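Protein chains get the first letters and strands the later ones, always in sequence-line order, with residue 1 at the start of each. Fair warning: this is a prediction, and the values are worked out from it, not measured in the lab.
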Amino acid sequence: MGLEVVCRLVHAPTFDEICSMSWEDVYASLESNELRKLRPEKDERLERKFDIDAEAELLDWMDSFNHKISNRANSFLDCLSGINDSTDGLLLISEWCSVGAWEVWEARAILYFENATGERVENSNDLISLDTWTQIFESLNGMNESEFSDKVCMDWMQRRLDLGETLDETKDPRIAPTFEAHSRNSKTLVHAVNVLENNTELKPLFGREYLPAFQWHYGLKTLGMISNE
Amino acid sequence: MDYVCPNIGLLPIWDELTKHCKKYEAIMSIKKDEIGYYRLETPSKKPFIATCVQKKHVGLYSVVMYRHPQVIPKELEDFRIGKSCMGFVDFDESFDLIPQLLDNIFQHYASTEKF
């Protein structure tokens, strides 16, 4: 299995609100499940952790840093300054504040991104660059999901033919499920773009599994920039 | 028409202003980078900031200064020569506030734009 590229749609007002709450209030409201009232409604077609799992991860992370926080009455964001790996906390908060995420293997993302932007993906860093994602949102905004999905699937089939690979389902049992996955992933990408464009309160956060949290892009900034403010 | 710098005597001031703008190249796209004329756009192709040598001053341009004048530090107000333009004719201690002005403009974009 490859690494997954992730584009998470974060509800910016909730993200800002939690970052401005005191460390101790965030902790207490997580423990008492009170924070659940703030969590935005999940988008049915995007991926998101269950409330209890997202809470547990955030609480575990806060537990491991509690001893380093000198004044827990300070805002969550203020408490992060001066802590190594503090942006991991912001990444967990972003999960809590998201309506969902589009997640796909890097190798597959190349197919979708090249079809969306019309440009070659030269290396894996292109998959998480601000330029690439800006182009994706520009080109897919308003596009019909099936139109993009057909384009992606046709390109995938052509690439297989060019490589001398079969398209006969009886010779390769993985063809049908792979086709289905490409169709579903490309449609969901268009869906995510349109959800983002139609909701002014959502902001994109994108990166990949195992990418250090401070390198994840949140709109024009990185999480590293936010934690240093 | 191509830009031709109309007053090379003002280039050191332009250079100083532009130096601070270049910090944002990692995020913004360069649309102009000629001697005396520099312009950055946001990833979504909105104008971010520009510096340009004019005949009698060096202009620093951002539409945010017009729409949201609160981004301008008070000490720089006197340098406004237009709705979205500041004009500089000499080095001044207020130059120290240029990074703050640029950061305020950037923060404005970051909080209002998805890209």
- Message: On a heavy-atom basis, which atom in Ile27(B) and which in Met225(A) lie closest, and how many Å separate them?
- Response: CD1-CE, 3.7 Å
- Item | Minimal non-hydrogen separation, Leu130(A) against Pro43(B), with atom names | CD2-CG, 3.7 Å
- Message: When you measure from the side chain of Lys114(B) to the backbone of Leu202(A), do you find a donor-acceptor pair of N or O atoms at a distance under 3.5 Å?
- Response: yes
- Item | Which atoms of Ser111(B) approach chain A - backbone, side chain, both or neither, heavy atom under 4.5 Å | backbone
- Message: Are more than 12 heavy atoms, taken from residues, nucleotides or ligands other than Ile35(B), located less than 6.0 Å from that residue's CD1 atom?
- Response: no
- Query: Quick check: are there more than 12 heavy atoms from other residues, nucleotides or ligands sitting under 6.0 Å from CD of Glu41(A)?
  - Reply: no
- Message: Is it the case that over 12 heavy atoms from other parts of the model lie below 6.0 angstrom from the CD atom of Glu47(A)?
- Response: no
- Item | chain B contact via Phe137(A) - side chain, backbone, both or neither, heavy atoms under 4.5 Å | side chain
- Message: If you count heavy atoms of other groups shown closer than 6.0 angstrom to NZ of Lys22(B), is the number above 12?
- Response: yes
- Give a yes or no on whether Phe50(A) atom CZ has more than 12 heavy-atom contacts from other residues, nucleotides or ligands under 6.0 Å away. no
- Query: So which heavy atom on Lys221(A) is nearest to which on Ala110(B), and how close?
  - Reply: CE-CB, 3.4 Å
- Item | Minimum heavy-atom distance Phe115(B)-Leu220(A), with the two atoms named | C-CD2, 3.3 Å
- Query: Just wondering, are more than 12 heavy atoms of other shown residues or ligands nearer than 6.0 Å to CD1 in Ile8(B)?
  - Reply: no
- Query: chain B: which of Pro204(A), Ala12(A), Ser129(A) shares the most heavy-atom pairs with it under 4.5 Å?
  - Reply: Pro204(A)
